[in-house]
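Below: the structure, in structure tokens.
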Amino acid sequence: MKKIFQIYLADLKRISTNVVAIVIIMGLCIIPALYAWFNIMSNWDPYGEEATSQMHIAVYSEDEGMSIGDLKLCMGDSVIKGLKENDAIGWIFTDSSKEALEYVYSGKCYAAFIVPKDFSADMLSFLSGEPVNPQIEYYENSKKNAIATKITSKVKTTVQQSVNSSMVSTITKIASKSGELIVGDGKSGDNLAGTVVDKLKDMDTTLSTYAGMLDTFAMLTDSADSLIGSTQSLLPSVQGLIDGGQSSVSGMQSSVLSGAQTAQTITQMVDISLSNINSQLNVLENSIQLLNASGVADADTADISVSVAGFDTVEQLAENTLSAIEGLKGVDSSQIEAVRKNIQSIKTQIKDLKSDTELTADKLKLLKESIKADVSSAKSAIDTLKNTFDHSVSPNLTGAVYDIEYALIETQSMLGSLDNSFPDIQKALDDYSTVLKSGNADIVNTRQYIQQIRDGLQNVISGFDNLSNDEQFNEIVKLLQTDPTLIAQFVTSPLSMEEQKIYEISTYGSAMAPFYTVLALWVGGLITVALVKTKVKDTDDIKSLGKVNSVHKFFGRYITFFVIGQLQTLVTVLGDLFFVGIQCRHPFLFWCASALTSFVFTLLMYSLTAALGNVGQAVAVVIMVIQVAGAGGTFPVEVLPQVYRALYKFMPFNYAMNALRECVGGMYRFDYCKDLAILLIFIAISLVIGLLLGRLFGKLNTAIEKSKKKSGLIL
């Protein structure tokens with residue numbers, strides 16, 4: 001043991017007296033720490049909103065939208081609106097789909113979303129019974145960065161969920177309107193349930209009327225036979241009445257023809273009067289508009305005065321015309337009153353215009369505008385009245401006269417046809433008596449059938465009344481009236497998860513600190529064995545120690561590697577904790593685990609190099625590469641290929657990282673101690689490699705060294 005420390009002290013003395021050696025050792029202590037620090041900081045929060053918002057994704061919507069009744073829908077606009085409210089990505093909203101694609105191809109954007117023009121139509125195609133799955137075109141530049149595509153793919157899922165939510169929200173809005181239709185708004189009473197009940201009650205009232213009519217028909221048929229007998233006895237007298245009636249009808253026809261001509265004349269006079277009133281109003285309006293503040297017109301003043309004074313004539317003509325047609329069938333009294341009201345308003349303002357001796361320009365302007373508005377309203381009301389008279393009253397007058405004339409002609413024809421046909425009438429009355437007797441039974445049966453229908457309607461009405469008081473029905477109605485947004489949120493995400501983080505780590509960088517710290521310690525050991533010789537030469541200071549065997553040399557030189565490794569560990573750990581500021585729940589244990597890890601790594605690489613020389617260094621590099629890829633430092637071991645899952649348990653990285661993770665996130669039982677205990681196994685493996693394989697490959701290493709020197713190129 002003494003000789004081992006003496007060898008170490010001799011190495012320490014040589015280092016302390018050599019400036020270059022001191023600088024190299026200082027570099028060996030700092031470089032691994034820098035490797036860990038910069039990697040941890042570069043991965044501090046790559047998935048946070050502040051970082052991902054710097055990634056650009058192009059967006060463009062071609063959606064043309066669609067209409068459902070009065071509801072205008074454009075789901076593409078909803079997508080754009082939702083993305084504008086999302087700050088997780090740096091969205092670029094382009095002016096065309098071509099521009100969006102150009103951004104992706106050029107690498108300015110990692111991906112692009114393009115909403116097609118028929119997106120809304122496809123979204124709501126289920127309403128037509130032929131649903132089509134709506135699609136958003138997604139373009140992704142996989143060449144630019146491998147991890148970026150994973151982030152943008154997550155964004156793609158987010159957009160899909162947002163669109164689904166918008167669709168469900170739209171559907172629930174329609175459902176909500178359906179709910180309002182069923183139950184109404186509680187004020188207007190305009191609801192489906194109430195309307196159905198009202199219609200059923202109206203139907204019941206109608207059937208009741210029919211039933212009363214059938215009862216009346218039954219009573220009539222009962223007395224019809226006696227009436228027919230009485231009619232037969234009156235037939236001779238009727239013959240005389242027919243002869244006299246024919247003469248009377250002929251005289252009435254002449255009077256009706258004269259009345260038809262009179263009706264046409266009245267219609268023409270009313271049309272002329274209404275048109276004349278409108279013309280006079282036009283003259284009045286033009287005259288008023290030509291007045292200025294001094295009362296002097298741009299046109300002839302005398303003509304204007306006459307036109308203004310002539311309004312009394314217009315008023316009288318209007319009143320006479322309105323009185324003449326007032327009360328006629330088809331004339332709307334409200335239209336007549338509208339004309340009178342406007343005429344009266346014009347009259348009042350003309351009086352104001354004439355009586356005002358101090359008329360200013362502003363006041364004249366207001367009066368002119370007011371009179372113009374009233375004249376326009378009066379003309380519009382007269383046009384409406386004239387249109388009503390021409391299309392409703394006039395046809396009614398003329399039609400009534402012609403109806404009377406037609407009826408008289410039909411009467412005369414009928415009387416003529418009845419003449420000398422009473423034997424046939426007698427026979428018809430006999431046959432009708434027989435028909436009435438057989439029809440009476442059908443009327444009774446129909447009356448009973450109508451009563452059955454009424455009984456069924458009463459049951460349905462009673463069912464609706466009971467339904468309105470049903471608790472489950474009211475709950476459904478209440479759901480339909482609920483805020484559509486709330487329903488959409490529930491349907492799209494019916495399951496709400498309350499996140500409870502176990503061993504929470506605040507940042508991604510802190511979570512990656514165990515991996516990069518362990519990797520830095522391995523790199524530190526690898527650089528050390530590359531720069532510091534593992535073989536102890538028999539120099540004078542070593543010979544002075546007496547007999548020194550290979551074991552003394554092995555451990556004596558390793559102490560230097562151990563000290564350098566521990567200095568690397570101390571600098572790296574202190575930088576992690578205080579410079580980078582990683583989360584660490586157990587700082588002291590973090591350093592202890594790192595120190596043991598450095599001890600294991602330096603001993604393993606020292607042993608490989610001591611036993612195999614440059615081949616050992618190459619083996620150390622290969623081991624590092626395998627561990628970086630398959631020790632579960634970046635990706636979970638479960639997602640790695642089978643070969644890595646098989647080697648995972650034999651990698652020292654695995655146990656070193658797990659021990660540091662316990663310190664960063666929190667301890668679970670004795671996992672920390674178990675991981676460190678397994679690391680100790682690699683110490684034994686290292687000693688076997690360094691002490692046993694070194695002897696077996698000693699001659700081979702010597703031959704390799706001689707061959708390297710002969711090449712003149714390889715160190």
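Quick caveat, the model's predicted, so the values are computed rather than measured.
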With [X] via ring-ring contact (aromatic ring centres under 6.0 Å, His included) - residues at least two apart:
| X | result |
| --- | --- |
| Phe579 | Trp37 |
| Phe588 | Trp591 |
| Tyr105 | none |

Review point. Ignoring hydrogens and geometry, is there a side-chain-to-backbone donor-acceptor pair from Glu99 to Thr94 under 3.5 Å?
Key: no

Check your understanding: So, the side chain of Glu140 versus the backbone of Ala111: is there a donor-acceptor pair under 3.5 Å, distance only?
Key -> no

Could you pull out the closest heavy-atom pair between [X] and [Y], with the gap in Å?
| X | Y | result |
| --- | --- | --- |
| Gly616 | Leu612 | N-CB, 3.4 Å |
| Val115 | Gly76 | CG1-CA, 4.0 Å |
| Cys584 | Leu577 | CB-CD2, 3.6 Å |
| Glu137 | Tyr139 | OE1-OH, 3.1 Å |
| Ser97 | Glu62 | OG-OE2, 3.1 Å |
| Gly630 | Tyr644 | CA-CD2, 3.4 Å |

Heavy-atom side-chain contact between [X] and [Y] under 4.5 Å:
| X | Y | answer |
| --- | --- | --- |
| Ile25 | Leu28 | yes |
| Ile92 | Cys109 | yes |
| Val571 | Leu567 | no |
| Ile7 | His552 | yes |
| Val59 | Val79 | no |
| Glu85 | Lys81 | yes |
| Ile626 | Met651 | yes |
| Asp63 | Asp77 | no |

Atom pair [atom1] ([X]) and [atom2] ([Y]), whose distance is rounded to the nearest 0.5 Å:
| X | Y | atom1 | atom2 | answer |
| --- | --- | --- | --- | --- |
| Ile40 | Tyr35 | CD1 | OH | 11.0 Å |
| Leu660 | Leu676 | CG | CG | 8.5 Å |
| Phe650 | Tyr655 | CZ | OH | 7.5 Å |
| Phe113 | Ser61 | CZ | OG | 13.0 Å |

**Study point:** Pair listing, side-chain hydrogen bond (donor to acceptor under 3.5 Å, both in side chains) test, anchored in residues 661-679, at least two apart
**Key:** Asn658-Arg661

Review point. Can you list every pair that meets side-chain hydrogen bond (donor to acceptor under 3.5 Å, both in side chains) and has a residue in residues 624-633, with sequence neighbours left out?
Key: none

Just wondering, more than 12 heavy atoms not from [X] lying within 6.0 Å of its [atom1]?
| X | atom1 | answer |
| --- | --- | --- |
| Glu50 | CD | no |
| Tyr503 | OH | yes |
| Met41 | CE | yes |

Please table the atom pairs, donor to acceptor, closer than 3.5 Å between any side-chain atom in residues 511-533 and protein atoms at least two apart or in another chain.
residue, atom, partner, partner atom, Å
Tyr516, OH, Asn43, ND2, 3.3
Thr517, OG1, Ala513, O, 2.7
Thr517, OG1, Asp576, OD2, 2.7
Trp522, NE1, Ala620, O, 3.4
Thr528, OG1, Gly524, O, 2.7
Thr528, OG1, Gln568, NE2, 3.3

Check your understanding: With sequence neighbours excluded, what pairs up with Lys501 under the salt bridge (charged side-chain N to carboxylate O under 4.0 Å, His left out) test?
Key -> Glu504

Review point. Run the side chain to side chain contact (heavy atoms under 4.5 Å, CB included) check on Ile623 and Leu608 step by step: do they pass?
Key: CA-CA 11 Å; Ile623 294 174; Leu608 287 171; 4.2 Å; yes

Could you list the donor-acceptor pairs under 3.5 angstrom formed between side-chain atoms of residues 632-639 and any protein atom two or more places apart in sequence or on another chain?
none

Practice item. Kindly write out the residues that satisfy side chain to side chain contact (heavy atoms under 4.5 Å, CB included) with Thr560, not counting sequence neighbours, or none if the list is empty. Key: Tyr8, Asp11, Ile15, Ile564

**Study point:** For Lys84, all residues meeting side chain to side chain contact (heavy atoms under 4.5 Å, CB included), sequence neighbours excluded
**Key:** Ile80, Phe93

Tell me which donor-acceptor pairs under 3.5 Å the side chains of residues 592-607 have, and how far apart each pair is, sequence neighbours excluded?
residue, atom, partner, partner atom, Å
Ser594, OG, Phe590, O, 2.8
Thr597, OG1, Ala593, O, 2.7
Ser598, OG, Gly565, O, 3.0
Ser598, OG, Thr569, OG1, 3.3
Thr602, OG1, Tyr558, OH, 2.9
Thr602, OG1, Ser598, O, 2.7
Thr602, OG1, Phe599, O, 3.1
Tyr606, OH, Phe554, O, 2.7
Ser607, OG, Leu603, O, 2.7
Ser607, OG, Ser686, O, 2.9

Check your understanding: Excluding sequence neighbours, so at least two apart, what forms side-chain hydrogen bond (donor to acceptor under 3.5 Å, both in side chains) with Glu102?
Key -> none

